[in-house]
Amino acid sequence: MLPSTLTSLLVPLFNLLIPGRLDEPSPQSQSQSQPQQLKFELRHLHAVSQDAQVIFSDVPPRTPSTQSNAHQPQDDTYTIRTRTISSFRPPSFEAFTQARTRSARFGQSELLDWDEDEVISPDVESRQTLLELAKMTNNAYVWPDDGAWYDLGGRWNISYPFGWEPDADGFRGHVFATPDNKTVVLAIKGTSAGMFGSGGPTVKKDKINDNLLFSCCCARVDWSWSTVCGCYRGGWKCDQNCVEDALIGESLFYPIGTNLYNNLTYMYPDSTMWIIGHSMGGALASLLGATFGAPSVAFESPGERMAAARLHLPSPPSTHHITHVYHSADPIAMGTCNGVLSSCALAGYAMEARCHLGKSIFYDTVSNLSWTVDIRTHGIVNVIDRLLSEPWPPSIEAGREVPEPKSEDDCVECYSWEFGDFPTSRRRLDTAGSRCGS
Ligand SMILES: *[C@@H]1O[C@H](CO)[C@@H](O)[C@H](O)[C@H]1NC(C)=O
Ligand SMILES: *[C@@H]1O[C@H](CO)[C@@H](O)[C@H](O)[C@H]1NC(C)=O
Ligand SMILES: *[C@@H]1O[C@H](CO)[C@@H](O)[C@H](O)[C@H]1NC(C)=O
Ligand SMILES: CC(=O)N[C@H]1CO[C@H](CO)[C@@H](O)[C@@H]1O
């Protein structure tokens, strides 16, 4: 019973990674001064019901967990180091939406007057901070007690939260806040579940979404695949408008994320907001971060730059407030989980996108730890226990705690495809539910 479309994914990003003008303190100066620390506690659970209402619930203070869950943290407070960076916000969400619509519908680009802000961001060059953020993204299965719903002061009503069944694959996550409410973190759990075999009613729809967002052309892998949209034009040709229309038409994930974010800023108008997530949740975190200028940290996210462009998200002057953390053995984050015999293809996914927005902290675990490329290394628990919990030797050697964040300027994806205006000549639509070309 989940918001089917939601489950899937996200994504955004911009075509351009413009060299940032973040005035980040150098790692040296940070380690000399006393790092600033924030303490968080879990404040709300959020889930999305079928009719796309955003729902919050309070987390009962320190209830011993009733469900046994391997991923349950022992402690529900987290300590995080921060630093000040600059980021760009659209003048308003309305202005952003308008610019996006003009771009998508009329091919016009409108210049937005982005506001440059100094914001407090997690110190992504601190290993402990990344580790704690990763744990927060993992902690998506805390079960609220009945009757413990958050009092929203009449701003909107709360309905039963679908999506929290242990095996449901919905858009879900947590909201954490510092005790003074100055910093609020939206942690989004991805929905990779359906991908790796656990069933559920939304898997089919999720698959369509994932394939729309992260494949080059409607998940056209070879002749034997049924594609998720009818934009393939033979050879290596793909109709650009068609893929964009299909994405905007089918993907509810991004609008739900923006709704949720808007709701949170309404609840916490004076707070600094951060957005974090794992996998698809990471891609959504980045997309939302690009939209709202909120510092975002994504773990093992598939490449979301192409989807951002296809969704026509207006591109801020810099996306360096978005940080990706991933490693080379994860075929999803690397965009190598494709090809007819890959584990993704066998499950019906074509994960071809590989370019990320913002800056990436990239761990070459294949070279340095001799990990083999395996979809099982994609899990956040693996990243927490086997990667972030240990010092990373190549960084230590370079006097850092984590690999240096770098933008993926030279990243190329879908290079064998030709995208353009290839109107259909009423060619066979090789998919059910095609919205293009007819
Ligand atoms: C919430 O629901 C109650 C009862 O269902 C109703 O009386 C109230 O007006 C609703 N409040 C809002 C803000 O919608
Ligand atoms: C923080 O926000 C919560 C609502 O989530 C509110 O109940 C609480 O009073 C706020 N605390 C402070 C110190 O403003
Ligand atoms: C991993 O990196 C460390 C530090 O740079 C280096 O000493 C070590 O030899 C590397 N391991 C492998 C297998 O390359
Ligand atoms: C205050 C606010 O932004 N409320 C929105 C919260 O989200 C729902 C849908 O998800 C919107 O309908 C509300 O307007």
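Ligands are counted one by one from 1 in listed order, and the atoms in each one are counted from 1 as well.
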Salt bridge (charged side-chain N to carboxylate O under 4.0 Å, His left out) contacts in which one or both residues fall within residues 365-384, not counting sequence neighbours: Asp374-Arg376
Ser367 touching ligand 3 at heavy-atom level, < 4.0 angstrom: yes
Arg81/Glu401 salt bridge by N-O under 4.0 Å criterion: yes
NZ or CZ of Arg400 within 45° of Trp392 ring axis and under 6.0 Å: no
Shortest protein contact, atom 7 (O) of ligand 3 (heavy atom only): Glu397 OE2, 4.0 Å
Which residue and heavy atom of the protein sit nearest atom 9 (O) of ligand 3, plus the separation: Asn368 ND2, 4.8 Å
For Pro393, the ligand 3 atoms whose distance to one of its heavy atoms is below 4.0 Å: 3 (C), 4 (C)
Thiol sulfurs of Cys355 and Cys411 closer than 2.5 Å: yes
